[in-house]
Number of protein chains: 2
Amino acid sequence: MQNNILIVEDDMAIREMMAFSLRREGFDTFKAASGHEALEQLNQVHPDLIVVDWGLPDMSGIDLIDMIRRDDVIKEVPIIMLTARAEENDKVKGLERGADDYLTKPASMLELMARIRAHLRRSKGFELNHKLEFQGIVMDAGAHEVMIDGEALNLSLTEFKLLKLFLQNPNKLLAREHILNHIWGRNTFVEDRTVDVHILRLRKALKAHRKDKWIQTVRGVGYKLAS
Amino acid sequence: MQNNILIVEDDMAIREMMAFSLRREGFDTFKAASGHEALEQLNQVHPDLIVVDWGLPDMSGIDLIDMIRRDDVIKEVPIIMLTARAEENDKVKGLERGADDYLTKPASMLELMARIRAHLRRSKGFELNHKLEFQGIVMDAGAHEVMIDGEALNLSLTEFKLLKLFLQNPNKLLAREHILNHIWGRNTFVEDRTVDVHILRLRKALKAHRKDKWIQTVRGVGYKLAS
DNA sequence: GTAATTTGTGACAAAACTGTCACCAAGATG
DNA sequence: CATCTTGGTGACAGTTTTGTCACAAATTAC
């Protein structure tokens, strides 16, 4: 699975040298010599990161960044601005207008590669790694999955939500009312004791893996997930 | 809601100046003069971003980054390395070992602020904006919520998963078998026609908001969400 | 020690969910 | 047009989920 980098650079020598270096580092590249060419490319391909020059023949790199950030499909792509403009206020402007990083020419290819990797690590890693974990209990809320010691745990929707609330608040005391409002909302009336019953059920589900003990009762207040 | 920045810097003059500048820009700050002090702070507070020097009295900033990246609770915090080490291979090393950004001293405070904001924009914005949308249907899978034109839609778990599959694949044709495998997995046998019944149910749920028409039948193959 | 309060628990009934089926409607083919 | 194939649909039965309740157990207070 190759990462794709879009290079937006009007100087052909620089563009080709960059593409060559990137390909040698294992990336696939797309190239554009102007802002409009870049936008056309972006209608057809979704690069994993874009390297943008400031001075393009048909628009400024800043304007291109603006447009990308406004496009619902590609707005989140990491962008590194690579330009000869080295003034402090240029850097501030580029970063404020939506670049994730700003590098001045002439730039070390090694440094550029390292920065590309750092940004990909964050944008890709966030998605891959965004799980809630506590003592061997792993939840991917987006995928609606709970794994304990490598085994899938089957929970009802209410119990799933309850466990998620605990995993989002490890070692924090959750008052019954807080739990009530969070799981059932403020516009639904359920008995206070319903929380306790669901806690019982969640504990039962976790018991097969000896994880029920982490849900601890704080008498008179509520419960907490703690080791 | 203030963003919290942890400054890990042994030079008191630099540390205080940074803290002052950050506070003037609206950030709250925590301070640490050493790696161990930083780790102790991180046991009690969760900053939104960390600025780390390389040369600390008790450990290198690189080692501190390693430790942070290995901690399940705080590993995703953005880190900017701010250091006098300006060699190319230092930069590469810092970025490879987990820094999101690398800035050499003496550094412009304005540039540092702009970079801090860029990183916060990404780490905070990713979470806030990561929703699936199609023609007024908005799903936050992590929160198990579906909103249509501002109104919550109540779906059963199976229908929720089905809608999610569609929203993840807008304008793509999904064969029945693909849907079957995705929702029920390969180890559960259900009749082919079960898909059609669940499509019916999903369409019924969407009908109240006139959104059922976006689920389109492709005869002999399956279904697609398309406008 | 006793009484009061809080939490744990099993059981129940109602509601919701789920997959299947038979029949009808729509579309494709010869 | 007739026939066959595929998708839409309402209904059904079984399972699961859900909230409540009464009683037992545990904890706290006097």
Side-chain angles (χ1 to χ4, degrees), chain A residues 144 146 152-166 173-208 210-226, chain B residues 144 146 152-166 173-208 210-226:
Chain A
H144 199 84
V146 179
L153 183 69
N154 204 32
L155 295 173
S156 71
L157 192 51
T158 305
E159 267 77 76
F160 185 93
K161 285 177 178 175
L162 187 56
L163 179 60
K164 183 177 168 232
L165 183 61
F166 278 126
L173 177 54
L174 303 176
R176 256 183 206 79
E177 186 166 359
H178 178 82
I179 296 173
L180 273 169
N181 290 334
H182 206 96
I183 306 292
W184 286 278
R186 292 178 188 275
N187 301 318
T188 305
F189 179 77
V190 296
E191 297 282 344
D192 286 1
R193 304 281 282 114
T194 302
V195 174
D196 302 289
V197 175
H198 281 288
I199 294 284
L200 169 72
R201 289 177 176 154
L202 181 55
R203 278 172 167 156
K204 273 186 173 172
L206 296 173
K207 198 170 186 110
R210 306 283 208 78
K211 305 292 183 189
D212 55 309
K213 66 182 174 179
W214 306 130
I215 299 184
Q216 300 171 15
T217 307
V218 177
R219 192 175 170 86
V221 186
Y223 299 91
K224 70 177 175 180
L225 182 70
Chain B
H144 199 84
V146 180
L153 182 70
N154 202 33
L155 295 175
S156 71
L157 192 51
T158 306
E159 269 74 77
F160 185 94
K161 285 176 176 173
L162 187 55
L163 179 60
K164 184 176 166 230
L165 183 60
F166 278 127
L173 176 56
L174 304 176
R176 257 184 206 83
E177 185 166 1
H178 178 82
I179 295 171
L180 273 169
N181 291 333
H182 206 96
I183 307 291
W184 285 278
R186 293 179 186 275
N187 301 317
T188 305
F189 179 76
V190 296
E191 296 281 346
D192 287 1
R193 305 280 280 115
T194 302
V195 174
D196 302 291
V197 176
H198 282 286
I199 294 284
L200 169 72
R201 288 174 180 156
L202 181 54
R203 277 172 167 157
K204 273 187 175 174
L206 296 173
K207 198 171 187 111
R210 308 280 212 77
K211 306 291 183 187
D212 54 310
K213 64 184 178 178
W214 307 130
I215 299 185
Q216 300 171 13
T217 306
V218 178
R219 194 178 165 86
V221 186
Y223 298 92
K224 70 176 174 179
L225 183 70

Taking the minimum atom-to-atom distance to the side chain of A/Val197, which one of C/dT20, C/dG19, C/dT9 wins? C/dT9
Could you check which of D/dT18, D/dG7, C/dC21 has an atom nearest any side-chain atom of B/Arg176? D/dG7
Fit a plane to each ring of A/Phe160 and A/His144, take the angle between them on a 0 to 90° scale, and name the class: parallel (under 30°), tilted (30 to 60°) or perpendicular (over 60°). parallel
Starting at NZ of B/Lys224 and ending at C1' of D/dG7, how long is that distance when rounded to a whole Å? 17 Å
Short question: side chain of A/Arg203, backbone of A/Ile215 - any donor-acceptor pair under 3.5 Å? yes
Between B/Leu180 (CG) and C/dT20 (C1'), how many Å, whole number? 14 Å
To the nearest angstrom, the CG-C1' distance between A/Asp196 and D/dC21 comes to 13 Å
Map B/Arg219 and A/Glu159 onto DNA chain D by nearest heavy atom, then report which one ends up closer to the 5' terminus. B/Arg219
Knowing that exactly one of A/Leu162, A/Leu173, A/Val218, A/Asp196 qualifies, which makes a side-chain contact (heavy atoms from CB on, under 4.5 Å) with A/Tyr223? A/Asp196
Closer than 4.0 Å, any side-chain N/O of B/Tyr223 to the OP1 or OP2 of D/dG8? yes
Selection from D/dG19, C/dT7, D/dA11 that lies nearest to any side-chain heavy atom of A/Arg193: C/dT7
Whichever of A/Ser156 and B/Lys204 has the more 5' nearest nucleotide on DNA chain D, that residue is B/Lys204
A/Gln216 CD to C/dG8 P, in whole Å, measures 12 Å
I want to verify a distance call: between C/dT20, C/dT9, C/dG8, whose nearest atom is closest to the B/Arg201 side chain? C/dT20
Within a 6.0 Å radius of atom CD on B/Glu177, are there more than 12 heavy atoms belonging to other residues, nucleotides or ligands? no
What is the distance, rounded to the nearest whole Å, between atom CZ of A/Arg203 and atom C1' of C/dT9? 12 Å
To the nearest Å, give me how far apart CG (A/Leu162) and P (D/dG19) are. 11 Å
Mind calculating the distance between CG (B/Leu200) and C1' (D/dT9) to the nearest angstrom? 6 Å
Between B/Lys161 (NZ) and C/dG19 (P), how many Å, whole number? 10 Å
Please tell me which of the listed nucleotides, D/dT9, C/dG19, D/dG19, lies nearest to the side chain of B/Trp184? C/dG19
Look at A/Thr158 and D/dT17 and indicate whether a side-chain polar atom (N or O) is within less than 4.0 Å of OP1 or OP2. no
OP1 or OP2 of C/dT18 less than 4.0 angstrom from a side-chain nitrogen or oxygen of B/His198, does that happen here? no
Distance check, rounded to the nearest 0.5 Å: A/Lys204 atom NZ versus A/Leu200 atom CG? 5.0 Å
For the side chain of A/Thr217, counting heavy atoms from C-beta on, which of C/dT7, D/dG7, C/dG19 is nearest? C/dT7
